[in-house]
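See structure below.
Atoms considered below: every heavy atom in the structure, side chains included; atoms not considered: hydrogens, waters and symmetry mates. This one's a predicted model, so the numbers in the text were calculated from it and none came from an experiment. Position 1 is the first residue of the sequence; numbering continues from there.
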Amino acid sequence: MKMTPVCPFVKASRPDDASSRKPAENSSKHQVEHDGSKAKKESTDSGIISPKCPFGYDSQSFKLGPLSCVICQALLFDSSKCVPCSHVYCKACISRFKDCPLCGADIEKIEADTDLQNTVDRFIEGHARIKRPLVTSEKEEDVAGENKNVIYEDVSMERGAFLVQQAMRAFRAQNVESAKSRLSLCAEDIRGQIERLGNTSELCSQLGAVLGMLGDCCRAMGDASAAVAYFQESVDFLMKLPMDDLEITHTLSVSLNKIGDLKYYDGELEAARSYYFRSLNVRRDAIKHRSNVPSQILDVAVSLAKVADVDRNVGSENEAVDGFEEAIKLLESLSLKPEEAGLEQRRLSVLEFLNSQLAEKQPVSTTT
């Protein structure tokens with residue numbers, strides 16, 4: 001099981017990317033020149049202040065700092081100190097080792113480092129939230145009654161991308177509690193924005209994706225009921241959006257399929273088929289408008305296979321065979337470019353599965 005690899009904030013520009021600003025913003029910004037440790041600012045009527053992390057963390061670059069765990073490469077969670085060497089890691093990460101990964105010393109015991117964890121928590125709470133006023137020269141400060149129109153950039157996207165980045169690192173290293181904690185903070189931030197701004201397409205899309213990731217975390221922790229709740233909430237938010245964005249339709253269909261998977265493994269085959277079929281319809285509608293997108297066609301074939309598999313398990317063999325055959329025709333007619341080697345590998349893998357299912361064709365029951 002994999003967490004969705006696409007960050008829901010990838011469309012947001014970095015705060016220091018001047019090229020992504022609107023013309024009106026660019027025309028009113030301050031030019032900032034760095035000279036050593038001093039910043040010389042040209043005076044205008046307004047300025048744009050870009051938030052900067054003092055430790056160098058941001059949502060784009062790969063950074064290991066003093067608050068990072070070198071095992072999962074995410075920010076420390078449940079910080080724990082090795083005795084006697086005093087190196088610090090996430091508790092879930094270091095619990096898998098008998099020797100310290102950094103120095104090789106035998107680990108006699110592991111102690112909680114509450115003070116360090118409190119520092120990490122305060123850092124996360126303040127990251128990308130601290131808004132600094134425009135720094136003016138002493139001469140300017142002496143001018144009585146002068147009002148500077150300072151424009152602060154929207155830092156919510158940068159913070160959201162940062163939290164998702166940390167969560168995905170932790171999840172890949174199987175530190176699921178850490179990933180869930182960071183994603184919960186991210187979801188809380190987005191909910192707060194929705195309360196202030198309403199159900200905008202961008203916010204609903206972001207929250208839907210983050211809720212799906214939280215579902216992945218609960219699923220990895222064995223909490224199926226919580227996973228279904230998160231996936232269902234993800235679906236509810238994504239259904240509010242227009243289905244003209246490929247990423248939105250993909251995320252929606254994946255969440256529907258994941259609910260179907262959980263129902264399937266719990267033996268609720270009719271419920272599973274219902275979710276698989278809803279996912280199939282979302283994907284069919286997507287290729288009606290973008291029939292030349294190979295990944296969308298592959299998604300439809302996968303959904304057909306899921307529905308057909310359930311049909312076979314409930315005794316509807318004819319419907320199952322029809323589904324498998326339709327999926328095979330789709331994949332056999334799909335032509336990929338040489339640079340789409342990853343998709344070709346996936347196409348062949350799904351095609352192999354479908355052919356194996358047809359080879360296992362069961363006799364049709366004569367029962368009416």
Smallest separation among heavy atoms of Leu343 and Pro294, with atom names: CD1-CB, 4.0 Å

Donor-acceptor contact present, side-chain Arg169 to main-chain Gln73, <3.5 Å: yes

Side chain to side chain, Leu252 and Val235, heavy atoms closer than 4.5 Å: yes

Partner of Val88 by side chain to side chain contact (heavy atoms under 4.5 Å, CB included), out of Ser68, Cys69, Ser79, Pro66: Ser79

Gap between atom CZ of Arg191 and atom CG of Leu203 - 0.5 Å precision: 12.0 Å

Main-chain N/O of Gln345 paired with Ser349 side-chain donor or acceptor, under 3.5 Å: no

Donor-acceptor pair between Tyr276 and Asp309 side chains, under 3.5 angstrom: no

Test item: Thr114 side-chain N/O and Ala112 main-chain N/O as donor-acceptor pair under 3.5 Å: no

Between CD on residue Glu332 and CG on residue Asn355, distance to nearest 0.5 Å: 7.0 Å

Residue pair Asp78 / Cys90, side-chain heavy-atom distance below 4.5 Å: no

Side-chain donor-acceptor contact under 3.5 Å, Asp189 with Gln193: no

Side-chain touch Asp322/Glu326, heavy atoms, less than 4.5 angstrom: no

Cluster link Ile107 to Leu76, ILVMFWY, side chain under 4.5 Å: no

Rounded distance [0.5 Å steps], CD in Glu352 versus CD in Gln357: 11.5 Å

Over all atoms of both residues, closest heavy-atom pair of Phe353 and Ala305: CE2-CB, 4.1 Å

Point-to-point distance, once rounded to the nearest 0.5 Å, from OG of Ser225 to CG of Asp223: 4.5 Å

Backbone of Tyr275 reached by a side-chain donor or acceptor of Ser279 within 3.5 Å: no

Leu269 vs Tyr264 side-chain heavy atoms within contact, under 4.5 Å: yes

Heavy-atom donor-acceptor pair, Arg347 side chain to Leu331 backbone, under 3.5 Å: yes

Expected output: side-chain Ser181 to main-chain Glu177 donor-acceptor under 3.5 Å: no

Val321 with Leu280, same ILVMFWY side-chain cluster at under 4.5 Å: yes

Heavy-atom closest contact (Leu330 atom, Ala301 atom, distance): CD1-N, 4.4 Å

Non-hydrogen side-chain atoms of Val70 and His87 separated by less than 4.5 Å: no

Value rounded to 0.5 Å, distance of CG in Leu67 from CD in Gln117: 9.5 Å

Side-chain donor-acceptor pair present, Gln232, Asp236, cut-off under 3.5 Å: yes

Straight-line distance of Ile328 CD1 to Leu358 CG, nearest 0.5 Å: 4.0 Å

Ion pair check, Lys258 and Asp261, cut-off under 4.0 Å: no

Geometric class of the Phe162/Phe123 ring pair [parallel <30°, tilted 30-60°, perpendicular >60°]: perpendicular

Donor-acceptor under 3.5 Å (Gln166 side chain, Leu75 main chain): yes

Closest non-hydrogen atom pair between Leu185 and Ile124, with its separation: CD1-CG2, 3.6 Å

For the student: nearest non-hydrogen atoms of Asn257 and Arg283, plus distance: ND2-NH1, 3.4 Å

Between Asp121 and Thr119, a side-chain donor and acceptor under 3.5 Å: no

Student check: side-chain heavy atoms of Gln296 and Thr249 closer than 4.5 Å: yes

Arg182 side chain near Phe77 side chain, heavy-atom distance below 4.5 Å: yes

Within one Ile-Leu-Val-Met-Phe-Trp-Tyr cluster: Val302 and Ile287, side-chain cutoff 4.5 Å: yes

Leu102 side chain near Tyr89 side chain, heavy-atom distance below 4.5 Å: yes

Single-linkage hydrophobic cluster, 4.5 Å side-chain cutoff, Val120 and Leu163 together: yes

Nearest heavy-atom neighbours spanning Val210 and Leu183: CG1-O, 3.6 Å

